[in-house]
Amino acid sequence: MEIGVLGELQVIDYLEKKLKLENYLPMKDRGIDFISIRKDKFYKVQVKTSKFQKNSYFWFDTVLDKMIFSNNTVYIFNCFVNERRTFMGKNRNFLIIPSQTIKSWIDTKKLHITKKKKSSNEKTDVIRWFIYPDFKNKKWIYKGNSKVEEKLIDLTIFWNNQSFFKI
């Protein structure tokens, strides 16, 4: 099974069992992997999944023109851990970031946006997420790969943060 699908299934399982949300898959994936519902609230969820790379970081790409920004849209970065393992003391390591927070980081140029080849003559803007776990301090840090300056964002407050779903 592909890592992206496995990551989505982990998130769905978590949302159903821990947060008692019902989840529905759209017929076509257009920037949203699934919709989660509880009572009269619904949430659009996009999951990005990565394994630990080079014993150092997790790496995700988000294509800017496919991203959706709204009050009820959330991006969940699944720092993938196999079922029977723990990482930084937890079985699940989800960075649950509201899309509006990401939009504010884009607007204030806190995220590094790069050009990625889309086709032979076309390029698209991509946010490269290099997320580093800080084992000593139990933190999660975004590091941009800008040549001008290192861009850092402390993502620890988003680590398994369920508060978005309690709106």
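Treat the numbers as computed from the prediction; the structure is a model and nothing was measured.
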Student: Among all residues two or more places apart in sequence or in another chain, which pass the side-chain hydrogen bond (donor to acceptor under 3.5 Å, both in side chains) test with Lys66?
Tutor: none

Student: I'd like to know if the side chain of Gln10 and the backbone of Val81 have a donor-acceptor N/O pair within less than 3.5 Å.
Tutor: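 Judged by distance alone, yes, a pair lies under 3.5 Å.
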
Student: Which heavy atom of Lys138 sits nearest to which heavy atom of Trp159, and what is that distance?
Tutor: O-CZ3, 3.8 Å

Student: Exactly one of Trp129, Tyr142, Phe130 should register a ring-ring contact (aromatic ring centres under 6.0 Å, His included) with Tyr57. Which one does?
Tutor: Phe130

Student: Given the rule that I, L, V, M, F, W and Y join up when any side-chain heavy atoms are under 4.5 Å apart, are Leu25 and Val11 in one cluster?
Tutor: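 Linked within one cluster.
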
Student: Under 4.5 Å between side-chain heavy atoms, hopping through other hydrophobics if needed: is there a path connecting Ile3 to Val63?
Tutor: no

Student: My understanding is that only residues two or more places apart in sequence, or in another chain, count here; which of them pass ring pair (Phe, Tyr, Trp, His ring centres under 6.0 Å) with Phe135?
Tutor: Phe87

Student: Would you compute the distance between atom CG of Asn78 and atom CG of Leu6 and round it to the nearest 0.5 angstrom?
Tutor: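 The CG atom of Asn78 sits 8.5 Å away from the CG atom of Leu6.
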
Student: Taking all non-hydrogen atoms of both residues, which atom of Lys44 and which atom of Ser70 are closest, and how far apart?
Tutor: NZ-OG, 4.1 Å

Student: Is it the case that the side chain of Lys109 and the backbone of Ile106 share a donor-acceptor pair, with hydrogens and angles ignored and the cut-off at 3.5 Å?
Tutor: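 Answer holds: no.
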
Student: Does the side chain of Asp65 come within less than 4.5 Å of Thr124's, by heavy atoms?
Tutor: yes

Student: Ignoring hydrogens, what is the shortest heavy-atom contact between Ser36 and Leu15? Give both atom names and the distance.
Tutor: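 That would be OG-CD1, 3.5 Å.
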
Student: In Å, rounded to the nearest 0.5 Å, how long is the span from CD of Glu8 to CD1 of Ile76?
Tutor: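 The distance works out to 10.5 Å.
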
Student: Could you tell me whether a side-chain N or O of Asp61 sits under 3.5 Å from a main-chain N or O of Val126, the two making a donor and an acceptor?
Tutor: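 Not a single qualifying donor-acceptor pair exists.
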
Student: Hey, does Lys116 have a side-chain heavy atom less than 4.5 Å from the side chain of Arg128?
Tutor: yes

Student: Could you pull out all residues at least two apart from Asp125 that satisfy salt bridge (charged side-chain N to carboxylate O under 4.0 Å, His left out)?
Tutor: Lys115

Student: Could I get the full list of ring pair (Phe, Tyr, Trp, His ring centres under 6.0 Å) partners for Tyr14, not counting sequence neighbours?
Tutor: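 Ring pair (Phe, Tyr, Trp, His ring centres under 6.0 Å) list for Tyr14, sorted by chain: Phe94.
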
Student: Should Phe60 and Cys79 count as side-chain neighbours, where that means a heavy-atom distance under 4.5 Å?
Tutor: yes

Student: Between atom NZ of Lys39 and atom CD1 of Ile37, what is the distance when rounded to the nearest 0.5 Å?
Tutor: 14.0 Å

Student: Please find the pair of heavy atoms, one from Ile97 and one from Val74, that lie closest to each other, and give the distance.
Tutor: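 Between these two residues, the closest heavy atoms are O-CG2, 3.5 Å.
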
Student: Does NZ or CZ of Lys143 fall inside the cone over Tyr132's six-membered ring, less than 6.0 Å from its centre and within 45° of the axis?
Tutor: yes

Student: Find out whether Ile68 and Gln46 are in side-chain contact, i.e. whether some heavy atom of one side chain is under 4.5 Å from a heavy atom of the other.
Tutor: no

Student: Looking at every non-hydrogen atom in both residues, tell me the closest pair between Asn23 and Leu21 and how far apart they are.
Tutor: ND2-O, 3.5 Å

Student: Are Ile12 and Asp33 packed together at the side-chain level, in the sense that at least one heavy-atom pair is separated by less than 4.5 angstrom?
Tutor: no

Student: Leu152 and Ile127: same hydrophobic cluster, using ILVMFWY side-chain contacts below 4.5 Å?
Tutor: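 No, because Leu152 and Ile127 fall into different hydrophobic clusters, even though each may have its own neighbours under 4.5 Å.
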
Student: Kindly say whether Thr73 contributes a backbone atom to a donor-acceptor pair with the side chain of Ser99 at under 3.5 angstrom?
Tutor: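 At least one qualifying donor-acceptor pair exists.
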
Student: If you round to the nearest 0.5 Å, how far is CZ of Arg92 from NZ of Lys90?
Tutor: 13.0 Å

Student: Between Phe77 and Leu64, is there a shared hydrophobic cluster once you connect ILVMFWY residues whose side-chain heavy atoms come closer than 4.5 Å?
Tutor: yes

Student: Without swapping roles, check the side chain of Ser50 against the backbone of Trp59 for a donor-acceptor pair under 3.5 Å.
Tutor: yes

Student: Quick one: does any side-chain atom of Gln162 pair with a main-chain N or O of Asn160 as donor and acceptor, under 3.5 Å?
Tutor: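 Side chain of Gln162 to backbone of Asn160, a donor-acceptor pair under 3.5 Å: no, none is there.
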
Student: Examine Ile102 and Ile141 and state if one hydrophobic cluster contains both, with Ile, Leu, Val, Met, Phe, Trp and Tyr joined whenever side-chain heavy atoms are less than 4.5 Å apart.
Tutor: no

Student: Less than 4.5 Å apart, any side-chain heavy atom of Tyr75 and any of Thr101?
Tutor: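 No, every pair of side-chain atoms sits at 4.5 Å or beyond.
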
Student: Which residues satisfy the side-chain contact (heavy atoms from CB on, under 4.5 Å) test with Asn161, sequence neighbours excluded?
Tutor: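 Partners of Asn161 by the side-chain contact (heavy atoms from CB on, under 4.5 Å) criterion, ordered by chain and then number, come out as Ser163.
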
Student: Rounded to the nearest 0.5 Å, how far apart are CD1 of Ile35 and CD of Glu22?
Tutor: 12.5 Å

Student: Test of understanding: with side-chain hydrogen bond (donor to acceptor under 3.5 Å, both in side chains), list the residues that count as partners of Trp140, not counting sequence neighbours.
Tutor: none

Student: Considering non-hydrogen atoms only, spot the tightest contact between Ser56 and Pro133 and give its length.
Tutor: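 Closest approach of Ser56 to Pro133: O-CD, 3.5 Å.
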
Student: Given the ring of Trp105, does Lys151 sit roughly above its face, with NZ or CZ under 6.0 Å from the centre of the six-membered ring and within 45° of the axis?
Tutor: no

Student: Do Phe52 and Phe58 have ring centres separated by under 6.0 Å?
Tutor: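 Yes, close enough.
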
